[in-house]
Structure formats: C-alpha cells, structure tokens
Amino acid sequence: MLARITPTPLAGSVPAIASKSMAHRLIIAAALSSGTTHVVCNTTCADIDATVRCLTSLGARINVVDDGYEVHPVPKSIELGILKAFQGAKLDCGESGSTLRFMLPVACALGAQATFVGAQRLGERPLTPLTDELMAAGCTLSADGGFPLVTSGRLRPGRFVLPGTVSSQFISGLLLSFPLLPGDSEIEVHGRIESRPYINLTVQALKLFGVDIAIERMTAPNGIDDITRFRSSGNVYRTPGEVKVEGDWSNAAFWLCAGALGNEPVEVRGISLTSAQGDRNVLAALSRFGARTKRASEAAIVQPDNLHAFSMSAQDIPDLVPVISAVAACADGTTIIRDCARLRIKESDRLATTASELAALGAHVTIDHDSLVIYGQERLSGGEVDSHNDHRIAMMAAIAAIRCDGEVLIHGAEAVRKSYPAFFDHYRMLGGRVELTEE
C-alpha cells in the first residue's frame, strides 16, 4: 500500500489505542488462569491477533466481544501440564517477537509438543540465551534460529540465569511461565537490565492474576556487576474476573511528537500518567526538546515551541527512537541518541532504516557505532520512503511529513497494521491529508 501525504500540521484530540504490550501479557495470563476472564481491550492489531491465535492452538477458547475478549483458559493441570488432546499444536506467531518470546517458555512449561512458525524477519531475531536455559531445564528444541521451531519435554522449575543485555522479553516470557511449574523458580539477571519498564509491566500483569514476584537487587561477588533476582514461590494464576488493557504510550508518542512539530496542540486521551510503560517518557523527551507539555486526567497534550537538540539514551525506550529522531531532525542543533544497538534486531534494522528514511526526506542523519547523530534543520524536503515492513518506520515518516515542503510517499504503508491498523484514520482525524492506494 502506498500512502501519499500532503504536508500539513496536525492538531486536535485523538483517543489512545490499547497497549499492545499489556494486551499480550493480560491475554496470556487470562488463558492460563483458573477460570473465564473478561479482558477489556478497545482495539486489536496483527501482533495481538498472533498471541490470541497461539493460545487458541494450545486449547484456550477466546471469543471476541464488543469491548474486548472473553477468555476461557487452556485445559491443563499443574501436575500434567497441557492435556494430551492439544499436543502437536502449530503456533503461528506472525511477525510478533513478543508472541514468540512469551509463548515459547509458556509452551515449554505446559509440556506442549508445539511447532512455532512465523513470518518476515521473525525467524532471524535471536532467541539465545533463552533457548539455552529452556534446554538446560528439560526441554528439547529442534533448532536455534529459523522456523519451524519444534519443542518437546516439559520445563522444570528452578533457577534461570540471563545477562541483562538480552531482550527483556526473555525475562518476561520466563516470568509468565513460572505459575505453570510445579515448584518455586527464579531468574538471576546479571548487569543492568535493558528495557526494564517492560519487565515492570509483566510483574504488574502477573499481580492482577494473583501472582507475586519478589524482586531482590544485590552486588555480584566481583563488586562490579549488579544482580537482580526475580522469584516466584508457589503462585498459580487466579482470574480476577475482569481486567482492562490501558492506553498505549508507544503509539501515543507519534501524535505527541506531531504536536511538537506542528502549529497547534495535539492531545491523546485515555493514557495513564502513572503507567509502568517506559514510553510515557516521551513527554520528558519532548520537554527537553523545548516543546510545551501538559498532563491532564488520563490525557497528555503537547504544544509546539522552539525546539533545540539534546543527547539521550535509548536503553529503556528503544521503540521511541524513530519518532524522536523525526523531532530531532527539525530541532536546532545536533541530537545524539545513544545505546541503540537493540534497534538492529527489530522488524527492520531500525538504526539503519531510521537514518536512511529520514535522509530520504531531506534530514541529515549519521550512524556512529550504536548511536544516531541527527543534525537539525527547520524544514525537510519531502520525498519517497520505504517502510521496510516496519510499522514504526512507516509512522515515523508520516509524522516527519508535518515539516516537509514537498509531498511524502510511503511505500509499504500497510506495515502499520502490525500495531496500529487505525493509524491513518487517526492521522486524518487530526487534520492530516493522506491518500492510500494499492501499489
């Protein structure tokens, strides 16, 4: 799909969509729980659909209702794991890294003989050392890397050790599996944890289902590294009856950045200002750029002002990098975004695609090892960009179009369906001028 955008500032108010990150966690917990759970979720997307599809393959019954999902759990027992009737399941993760990294430990904890498949770059995204830990704890995996990935055996409870530099999804996946194991378990993480707010989301979701995770921090024997232990003792999933998926800060960030780049305020409604989502730090980043930010009850508003460069780390907020880079491209001075190594293993190599596609619009961006260096200018030229089948690159280009002199053409614009199918509808709601056609 081709998106043809005639540049114009965005302004007004738009509702937040449901948090994809929290929806994954709550729907998984509901499907592993003690009874039926009503999950209030005001939107869906391809990634959430992938998690629902995988849970259904394992025997859960998940019905779509007017305001979300009615989730009937996977038939199982603590002693025996998944019922034999559901062995041999095929779990199609689509392009969702969260689905694969959460469902792999869960399937192993259930003792499922399962075949994982996926699409696009998902088979290239790393699974070690998670797979090493799963195999050491009693599971057999057909291969490390690539599809199909076949699992057998049942995960044993115990101690799992991971470095903090790996994906936080590995830690979250193990935590989601612990209540299924017949015994106490813990994860010992060495060093500073990447994307720590996402683990906080997992702990929060588990607590809603009666699972308490004890967290202990200490210094390693070498006196240098930090060690964090996550412990689960005798917990099982218990349904609260109903849970609600909160608004998504990761996607709200695109509209808030649009407010910084435009002429009038942009408001996003339905987001929690006390959320554990790390991407709510977009407000702090925009404040440092010089934009005016305002917090209201379950809403955030950003107004434009004179934008100036600053330096920041992306270690805890990697998903914000593309759209923050679009703001930096129009801020006075040179912005440096450090700690971007993990962007190389997203839906695209986001370090490369953020730089190349902003450059295609006339921005001056370079890559320095694992950092982006962005030389700001008042206006961009416009031009043609490729989404590289990456939803955040497509949306980044649409937001950057606000400051372009010429029209912007986004090839592969259908990539937004991965996380935000209504993106261009909401773009128009804020006054954007976009024409969608088949390529």
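This chain uses plain numbering: 1 for the first residue, then up along the sequence.
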Subject >> Arg269 and Ser13: side chain donor to acceptor below 3.5 Å >> reply: yes
**OP:** Would you please say whether a donor-acceptor pair under 3.5 Å links the side chains of Ser195 and Ser168?
**Re:** no
**OP:** May I ask you to check whether Ser96 and Ser98 show a side-chain donor-acceptor distance below 3.5 Å?
**Re:** no
**OP:** Given side-chain hydrogen bond (donor to acceptor under 3.5 Å, both in side chains), test Glu246 with Ser272 step by step and report yes or no.
**Re:** CA-CA 7 Å; Glu246 64 183 74; Ser272 169; 5.2 Å; no
**OP:** I would like to know whether His38 and Asp67 meet side-chain hydrogen bond (donor to acceptor under 3.5 Å, both in side chains); could you show each step before the answer?
**Re:** CA-CA 9 Å; His38 179 202; Asp67 61 349; 2.8 Å; yes
**OP:** Would you please classify the geometry between the Trp255 ring and the Tyr427 ring as parallel, tilted or perpendicular, with 30° and 60° separating the classes?
**Re:** tilted
**OP:** Report the C-alpha distance between Arg238 and Ser34 in whole Å, list the side-chain angles of each, state the deciding distance to 0.1 Å, and finish with yes or no for side-chain hydrogen bond (donor to acceptor under 3.5 Å, both in side chains).
**Re:** CA-CA 5 Å; Arg238 299 186 299 275; Ser34 56; over 6 Å; no
Subject >> Pair Arg350-Val321, side-chain contact (heavy atoms from CB on, under 4.5 Å): steps then yes or no >> reply: CA-CA 9 Å; Arg350 269 188 204 151; Val321 169; over 6 Å; no
Original post:
Strictly by modelled atom types, are His364 and Gln377 linked by a side-chain donor-acceptor pair under 3.5 Å?
Top reply: no
Original post:
Under a 4.0 Å N-O cut-off, is there an ion pair linking Glu95 with Lys418?
Top reply: no
Original post:
Between Tyr420 and His426, is the gap from one ring center to the other below 6.0 Å?
Top reply: yes
Original post:
Would you find more than 12 non-hydrogen atoms of other residues, nucleotides or ligands less than 6.0 Å from Asn63 atom CG?
Top reply: yes
**OP:** Classify the side-chain pair His391/Ser419 by whether it contains a donor and acceptor separated by less than 3.5 Å.
**Re:** yes
Subject >> Glu264 CD: over 12 foreign heavy atoms closer than 6.0 Å >> reply: no
Original post:
Would you find a donor on one side and an acceptor on the other, under 3.5 Å apart, between the side chain of Arg403 and the backbone of Leu380?
Top reply: no
Original post:
Does Ser172 reach the side chain of Arg25, with side-chain heavy atoms less than 4.5 Å apart?
Top reply: yes
Original post:
Can you list the steps and then say if Thr44 with Tyr69 is a side-chain hydrogen bond (donor to acceptor under 3.5 Å, both in side chains)?
Top reply: CA-CA 10 Å; Thr44 188; Tyr69 302 93; 3.0 Å; yes
Original post:
More than 12 heavy atoms of other residues, nucleotides or ligands under 6.0 Å from CG of Asp212: is that the case?
Top reply: yes
Subject >> Ser325 and Thr354: side chain donor to acceptor below 3.5 Å >> reply: no
Original post:
Between Phe116 and Phe147, does the ring centroid distance fall short of 6.0 Å?
Top reply: no
Original post:
Just checking, any donor-acceptor pair under 3.5 angstrom between side chains of Thr99 and Thr51?
Top reply: yes
Original post:
Can you find a pair of side-chain heavy atoms, one from Leu256 and one from Val323, that are under 4.5 Å apart?
Top reply: no
**OP:** Using a cut-off of 6.0 Å, state whether more than 12 heavy atoms not belonging to Arg433 lie near its atom CZ.
**Re:** no
**OP:** Answer yes or no: is there a side-chain heavy-atom contact under 4.5 Å between Leu104 and Leu91?
**Re:** no
**OP:** Please check if the distance between the ring centroids of Phe178 and Phe160 is under 6.0 Å.
**Re:** yes
